[in-house]
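Contents: one structure, followed by commentary.
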Amino acid sequence: MGTVFTIAAPRGYRLKRDVCSYGYFLLAPNRWDPRSGTLSRTLDLPGGVAEVTIAQEGRSPRLTLAAGGRLSRADRAAAEGLVRRMLSLDDGSIGRFHRLDPRWKRSGRGRLFRSPTFFEDVVKTVTSCNVAWPSTMIMNARLCEVVNPAFPSAGQLARKRPSMLRARCRVGYRDRRLVELAGLVASGEVDGAWFEDRSNSDDEVFEALRGLPGIGPYSAANIMQLLGRFSRLPVDTESVRHGRAVLGMAGPSREIERRLHAHYEPFGDQKFRSYWFELWEFYESRHGPAWEWEATSTGRLFTAAKLNA
DNA sequence: GGTAGACCTGGACGC
DNA sequence: GCGTCCAGGTCTACC
């Protein structure tokens, strides 16, 4: 017998628009169903792992969470907390973003999809570096198949041998960095709560992220936005393509990277969202609305490497 | 502080 | 088929 309950969504929240706003909605264990417009995934709850499906009826101010098994009160509270983080339901800065960049006010874009935990966001970012998107999808799927269907916890990953992760999860040279990273989080030496704490400055958080194994300037800036801090630009090869193809910039990559930072500077502490929704709009102009993408077809092909195909 | 080269993997591409 | 290149970077050694 399953459990069904509802949670409050902020005014103007749209599940399909706001889940399908960042590529991680296509990575395991997340499963977006374009036909039903629902998001499913396995979650780690106090009572064990549970399969949860999130739905929104029309423009209802409440989201429905349906679990396959019976959930205790503690399980429901934990599930709500994890879902609130994934869906960025507590992001109170959408109005500020729209005042700084009114282009997105009409569509209501502003919230970005992320993971239920800081650690999962860090691992997903590491698995997206120096690799084509389909390989990122494979790595995340294997981590769930081999280690934990709800996504490996830091403790679980810290206990794995790097050689096993490389062989079975296809993470390549990222093997040692992932185990080391997991060990730091599992031991408490790296405290996820500190990174989530809004009283710490963006500069402090960015520098702390830069000190983590496998985290360079791109990854640190990307994890910043996943923490709800939008003051940094994770400039990568996608950004350079965007600068050339959409913004009309010319010159060597180094020069375009410099100009991109200057271009988005007027958007201040919201510059990542201005940049990202431009990029996302470009993807959707080529492939249709993201909430219609199938993970096994369009979801594998939407990045720049495939755009000329 | 700046730069070259190595690093897993898998898919695209040219032959 | 098969070899080469490179993708939503990072790290180290070297200058």
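Here is how names work: the chains are called A, B, and so on, in the same order as the sequence lines, proteins then strands, and each is numbered from 1.
Salt bridge status for A:Arg84 with A:Asp90: present, with a side-chain N to carboxylate O gap under 4.0 Å. With salt bridges taken as basic N to acidic carboxylate O contacts below 4.0 Å, one links A:Arg103 and A:Glu278. Between A:Glu257 and A:Arg241, none of the side-chain N atoms (NZ, or NE/NH1/NH2) sits under 4.0 Å from a carboxylate O, so this pair counts as no salt bridge. Between A:Glu120 and A:Lys124, at least one side-chain nitrogen of the basic residue sits less than 4.0 Å from a carboxylate oxygen of the acidic one, meeting the salt-bridge criterion. Between A:Asp101 and A:Arg96 there is no salt bridge, since no side-chain nitrogen of the basic residue lies less than 4.0 Å from a carboxylate oxygen of the acidic one.
In this structure, A:Arg273 is not positioned above the aromatic face of A:Phe267 in the sense of NZ or CZ being under 6.0 Å from the six-membered ring centre and within 45° of the axis.
Computed from coordinates, the A:Met139 CE to C:dA7 C1' distance equals 10 Å when rounded to whole Å. Across the protein-nucleic acid pair, A:Trp280 atom CH2 and C:dG8 atom C1' stand 12 Å apart, rounded to whole Å. In this entry the distance linking CZ of A:Arg300 with P of C:dG8 reads 13 Å, nearest Å. The nearest whole Å value for the distance from the CD atom in A:Gln225 to the C1' atom in C:dG8 is 12 Å. Across the protein-nucleic acid pair, A:Ile223 atom CD1 and C:dG8 atom C1' stand 13 Å apart, rounded to whole Å. Atom P of nucleotide C:dA7 and atom CZ of A:Arg174 are separated by 14 Å, given to the nearest angstrom. For the pair A:Leu165 CG and B:dC7 C1', the interatomic distance rounds to 17 Å; values are reported in whole Å. When rounded to the nearest whole Å, the span between CE of A:Met137 and C1' of C:dA7 equals 15 Å.
The residue A:Tyr22 sits close to a base: some heavy atom pair falls under 4.0 Å. No engagement by A:Arg176 is indicated, since no non-hydrogen atom pair under 4.0 Å with the nucleic acid exists.
Listed nucleotides: C:dG8, B:dG11, B:dT9. Nearest to the side chain of A:Ser135: B:dT9.
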I need a per-nucleotide contact map over nucleotides 9-15 of chain C, read 5' to 3'. Cutoff is protein heavy atoms under 4.0 Å; write B for the base, S for backbone only, - otherwise.
BSS----
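Here the separation of C:dG8 from B:dG5, taken at their P atoms, is 23 Å to the nearest Å. Spacing of P atoms, B:dC8 relative to C:dC2, comes out at 24 Å, to the nearest Å.
Applying the salt bridge (Lys or Arg N to Asp or Glu O under 4.0 Å) criterion to A:Glu196, with sequence neighbours excluded, gives A:Arg85.
Tested against A:Arg229, the residues A:Asp269, A:Asn200, A:Asp202 include a single side chain to side chain donor-acceptor pair (under 3.5 Å) partner, A:Asp202.
For DNA chain B, runs of at least 3 consecutive pairs of the Watson-Crick or G-U wobble type, with both hydrogen-bonding distances under 3.5 angstrom, map to B:1-7 with C:9-15, B:9-15 with C:1-7.
Checked against the 6.0 Å centroid criterion, the rings of A:Trp291 and A:Trp280 do not qualify as a close aromatic pair.
OP1 or OP2 of B:dC8 has at least one side-chain nitrogen or oxygen of A:Arg166 nearer than 4.0 Å.
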